[in-house]
Amino acid sequence: MRVLIATDSFKGSLTSYEAGVAISEGIKKAVPGADTVVREIADGGEGTFEIVTRALRGDIIKTEVTGPLGDRITASYGIAGTTAVIDISQACGLPLVPEDRRDPLHTTTRGVGELILDALDRGCRRFIIGLGGSSTNDCGAGMLQALGIKITGSDGDQVPYGVNGLSSVSSVDAGCIDPRIAGAEFLVACDVDNPLCGDRGCSMVFAPQKGADPSSLKFMDDVIRRFAELAGGDPDLPGSGAAGGLGYAMRTFLGGRLVPGADLVISQTGLKDQMTGADIVITGEGCLDAQTSMGKAPSVIAGLAKALGIKVLAFAGCVKADADTLNLMGIDEAYSISDNVSQEEAMRNAASLLTRKAYEVFDGRPF
């Protein structure tokens, strides 16, 4: 029996690989002769660059960039040949900002542009970029300034960091963008379809999660709308509001192609090809619910496996989706590790609980 295991991370508990290993251990205890293969997976959020870099047999690079608060920080990204793999959260992620200083009026994406420049200097001309987990709402202005674009106020000087700085913009000149950008390809993992502005835009929907005061939301939306009017492009395209407007900036100025995160990671890691010959595919994540079906990694993996006629099992911290919803995703059976324990205990002991559940499922079962 060959079992391919590819779960997303169990956030706050286990990485994708750790979860897969825990499940594998349970299967092997129940079926000693089982051939289990663990593969890492992500859907474009934090940790994506490490998984894709390992799959491409690349190297992890560390470099100093401008952090979201304007200080210097060390950020990591991957290089495989001429491909750079970047998680924007490494340069402007929410965890980089102390809780008492979280406010997207002030945070900047400049470090993202500096990561791109570093990769260009190292010969990279193909970029895979994950947009998850930003602390910013500056419409990518900081990133664009780092890449040479002049975003200036009436005094002719570059506007300061953050939405507050962007509020003084009077001119956007892309003529000085680093010329290497024109010859580069940008694949951008994006799992939201929000436009840049309006009720479903980045300010109204995502800025509160980043520490924005409700009284500042309309101000931010107005500032970003005006920036888009000066900069051009189409702010209404799906995904433009991703990562505080980085989706818009990458599409408009870098020629970025926004694609679903799970699809991008799966294509880069070759997971579909690795399913060939498997008797069972196992996937999962911290919580299987209705949102899982909206392009998240477990649903994409299940769909690929079912198209190949492979039985699909899912393991999760908790299962909130009903059987019909799971079946529509391609999941034949789903198992929770928190049925008889508290959420806190499930998170604390996720590895051992996954091993136990996998053992229970496979012990004596005629798969």
Under 6.0 Å between ring centres, would you say that holds for F186 and F127? yes

What heavy-atom pair brings [X] and [Y] nearest, and what distance separates the two atoms?
X	Y	value
A141	L166	CB-CD1, 3.8 Å
S76	I60	CB-CG2, 4.1 Å
S89	L96	O-CD1, 3.6 Å
S170	S154	OG-N, 3.2 Å
T7	F10	OG1-CE1, 4.1 Å
A242	V192	CB-CG2, 3.6 Å

For [Y], is there any backbone N or O sitting under 3.5 Å from a side-chain donor or acceptor partner on [X]?
X	Y	answer
S336	G317	yes
N194	G201	no
T82	R125	no
E18	T15	yes
D332	V312	yes
D221	C197	no

Is it true that [X] and [Y] fall in one hydrophobic cluster, defined by side-chain heavy atoms closer than 4.5 Å?
X	Y	value
V172	Y161	no
V37	V281	yes
L246	I151	yes
Y248	I129	yes
I310	I331	no

Quick check for you: to the nearest 0.5 Å, what is the distance between [X] atom [atom1] and [Y] atom [atom2]?
X	Y	atom1	atom2	value
I5	T36	CD1	OG1	5.0 Å
C124	R180	SG	CZ	10.5 Å
S167	I224	OG	CD1	11.0 Å
L328	D322	CG	CG	8.5 Å
N327	K306	CG	NZ	8.5 Å
K296	T283	NZ	OG1	11.0 Å

Other residues, nucleotides, ligands: >12 heavy atoms within 6.0 Å of [X] [atom1]:
X	atom1	answer
Y17	OH	no
R54	CZ	yes
K311	NZ	yes
D71	CG	yes
K28	NZ	yes
R57	CZ	no
E333	CD	yes
R200	CZ	yes

Test log, rule side-chain contact (heavy atoms from CB on, under 4.5 Å), inputs K210 and S134:
CA-CA 8 Å; K210 305 172 184 184; S134 81; 2.8 Å; yes

**Report entry** Evaluation steps, salt bridge (Lys or Arg N to Asp or Glu O under 4.0 Å), between D222 and R226
**Finding:** CA-CA 6 Å; D222 289 344; R226 181 165 180 271; over 6 Å; no

Quiz prompt | side-chain contact (heavy atoms from CB on, under 4.5 Å) evaluation trace for Q145 with V159 | solution = CA-CA 9 Å; Q145 287 174 320; V159 299; 3.6 Å; yes

Residues passing the side-chain contact (heavy atoms from CB on, under 4.5 Å) test with Y359, sequence neighbours excluded, are K29, A30, D363

Query raised in the report: Side chains of T136 and D138: donor-acceptor distance under 3.5 Å anywhere?
Result: no

Notebook entry, point to check: Are a donor atom and an acceptor atom from the side chains of T269 and E40 found within less than 3.5 Å of each other?
Noted result: no

Is any side-chain heavy atom of [X] less than 4.5 Å from a side-chain heavy atom of [Y]?
X	Y	result
L271	L4	yes
F362	I280	yes
R251	S240	yes
F219	V223	yes
L147	L254	yes
T108	M143	no
L131	M250	yes
N137	S203	yes

Any salt bridge linking R110 with E114? Criterion: basic side-chain nitrogen under 4.0 Å from a carboxylate oxygen.
yes

Report task. Show your working on side-chain contact (heavy atoms from CB on, under 4.5 Å) between I51 and I41 and close with a plain yes or no. Result -> CA-CA 7 Å; I51 291 173; I41 194 63; 5.8 Å; no

- Could you please spell out the steps behind the side-chain contact (heavy atoms from CB on, under 4.5 Å) verdict for K150 and Q158? CA-CA 6 Å; K150 295 179 179 179; Q158 293 271 26; 4.3 Å; yes

